Amino acid sequence: MVLAKCRLNFTTIFFLFIGEYGSNICASIGHYENLPDGWCVCKLEDVVDYEQPQLYIVESTSYSDRYETPVLTAGKSFIIGYTNETYGICNKLPVIIFDDFTTDSKYVDFPFKVKSSAMKILHVKSGVETKFISLVMSITRLISETHKRYWISEYSKLDILLPPQQEQKRIVNHVESIFNRFDKIAEEL
């Protein structure tokens with residue numbers, strides 16, 4: 001096996017863990033007893049504060065590509081238009097926007113407004129990398145048939161693996177380099 005020839009670093013361990021447990025990562029953390037030095041298990045609510053989006057909701061849905069401020073949704077469409085409203089713009093960045101009903105989330109590092117209150121704006125606490133938490137959230141799903149809000153009651157209570165901050169940065173850089181390679185391959189097709 002190729003991995004047996006490689007020196008296992010924290011990034012490799014993280015990807016092996018995700019590969020083994022996939023979307024059941026939170027249910028399986030308890031079975032992973034030998035965490036690397038400096039890693040811990042914590043709840044999302046321990047490393048993330050949430051903000052209700054009411055201050056940032058657009059008053060008008062008369063969007064135009066000529067306007068500057070993007071209007072976001074945490075769903076698949078992400079940017080649903082642009083507004084000319086100049087007040088109530090979210091500037092405390094970076095953040096993660098979280099769809100409270102579907103549990104979809106997106107990393108955001110530019111000023112924006114939102115369309116509705118069906119989301120939470122998540123601010124990652126000091127000492128934790130926002131992009132790392134965003135990556136973890138992108139592979140963490142709740143499976144439920146109930147149409148309800150999830151952040152406060154369930155999603156924020158999920159356990160996650162949290163490496164030291166420098167390792168979080170290394171993991172993010174590694175994942176971004178892989179995605180960049182995929183983008184270059186896609187461009188060549």
Side-chain angles (χ1 to χ4, degrees), residues 14 18 21-27 42-65 67-126 128-162 168-169 171-172 175-176 178-180 182-183 186:
F14 184 76
I18 290 170
Y21 295 112
S23 62
N24 288 328
I25 191 169
C26 291
C42 65
K43 297 195 178 312
L44 273 170
E45 67 186 353
D46 296 334
V47 295
V48 173
D49 291 320
Y50 75 90
E51 179 181 8
Q52 298 288 1
Q54 281 78 358
L55 295 173
Y56 313 112
I57 297 174
V58 290
E59 290 185 11
S60 169
T61 56
S62 298
Y63 306 134
S64 171
D65 289 340
Y67 300 146
E68 290 187 24
T69 304
V71 179
L72 306 183
T73 177
K76 294 191 186 324
S77 53
F78 189 43
I79 297 176
I80 56 175
Y82 294 85
T83 183
N84 62 349
E85 295 176 18
T86 57
Y87 51 89
I89 296 172
C90 184
N91 288 309
K92 296 178 273 181
L93 305 167
V95 298
I96 300 167
I97 56 173
F98 177 83
D99 186 308
D100 225 358
F101 293 103
T102 67
T103 72
D104 284 340
S105 61
K106 302 277 191 285
Y107 174 84
V108 183
D109 61 357
F110 52 85
F112 65 92
K113 290 189 68 84
V114 299
K115 182 181 181 212
S116 76
S117 64
M119 70 167 62
K120 298 286 187 279
I121 298 172
L122 307 180
H123 301 275
V124 176
K125 294 181 180 179
S126 178
V128 180
E129 295 297 310
T130 304
K131 278 189 178 181
F132 178 80
I133 296 300
S134 180
L135 285 172
V136 170
M137 291 177 67
S138 74
I139 61 166
T140 305
R141 294 281 177 255
L142 287 175
I143 300 171
S144 178
E145 300 297 319
T146 307
H147 183 73
K148 66 177 188 175
R149 293 181 183 267
Y150 284 97
W151 179 257
I152 294 171
S153 64
E154 295 181 40
Y155 204 91
S156 67
K157 311 284 188 241
L158 294 174
D159 288 334
I160 63 166
L161 287 172
L162 188 66
Q168 294 171 40
K169 290 177 183 179
I171 291 168
V172 167
V175 170
E176 287 179 339
I178 291 170
F179 286 149
N180 287 337
F182 286 152
D183 289 343

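Only a predicted model underlies this, so the values are computations on that prediction, with no experimental measurement involved. Only this structure's heavy atoms are used, side chains among them; waters, hydrogens and symmetry mates stay out.
- To the nearest 0.5 Å, atoms CD1 (I97) and SG (C90) are separated by 9.5 Å.
- The two atoms that bring L55 and E51 nearest to each other are CD1-OE2, 4.3 Å, heavy atoms only.
- When side chains are defined from C-beta on, V47 counts as touching I160, because their heavy atoms get closer than 4.5 Å.
- In this structure, CG on D104 lies 11.5 Å from CZ on F78, to the nearest 0.5 angstrom.
- Applying the side chain to side chain donor-acceptor pair (under 3.5 Å) criterion to T61, with sequence neighbours excluded, gives no partner residue.
- With sequence neighbours left out, the side chain to side chain donor-acceptor pair (under 3.5 Å) criterion links Q168 to no other residue.
- In terms of the side chain to side chain donor-acceptor pair (under 3.5 Å) criterion, residue partners of K43 (sequence neighbours excluded) are, by chain and number, D159.
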**OP:** Decide yes or no on side chain to side chain contact (heavy atoms under 4.5 Å, CB included) for F98 and T103, but give the supporting numbers first.
**Re:** CA-CA 6 Å; F98 177 83; T103 72; 3.9 Å; yes
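- Note that OG of S105 and CD1 of I96 are 6.5 Å apart. Values are rounded to the nearest 0.5 Å.
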Expected list for residues 67-77: side-chain donor-acceptor pairs under 3.5 angstrom, two or more places apart:
unit_1, atom_1, unit_2, atom_2, d
T73, OG1, G75, N, 3.4

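- Atoms CD and CG, from E154 and L158 in turn, are 8.0 Å apart once rounded to the nearest 0.5 Å.
- Under the salt bridge (charged side-chain N to carboxylate O under 4.0 Å, His left out) criterion, K169 pairs with no residue, sequence neighbours left out.
- The NZ atom of K157 lies 9.5 Å from the CG atom of D46; values are rounded to the nearest 0.5 Å.
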Please list, one pair per line, the donor and acceptor atoms closer than 3.5 Å that link side chains of residues 110-121 to other protein atoms, with sequence neighbours excluded.
unit_1, atom_1, unit_2, atom_2, d
K113, NZ, E85, OE1, 3.4
K113, NZ, Y87, O, 2.8
K113, NZ, G88, O, 3.1
S116, OG, A118, N, 3.3
K120, NZ, D100, OD2, 2.6

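- Between V124 and E129, the closest side-chain pair of non-hydrogen atoms is not below 4.5 Å.
- At a threshold of 4.5 Å between non-hydrogen side-chain atoms, the residues I133 and L162 count as touching.
- Note: L135 CG to I171 CD1 = 9.0 Å, rounded to the nearest 0.5 Å.
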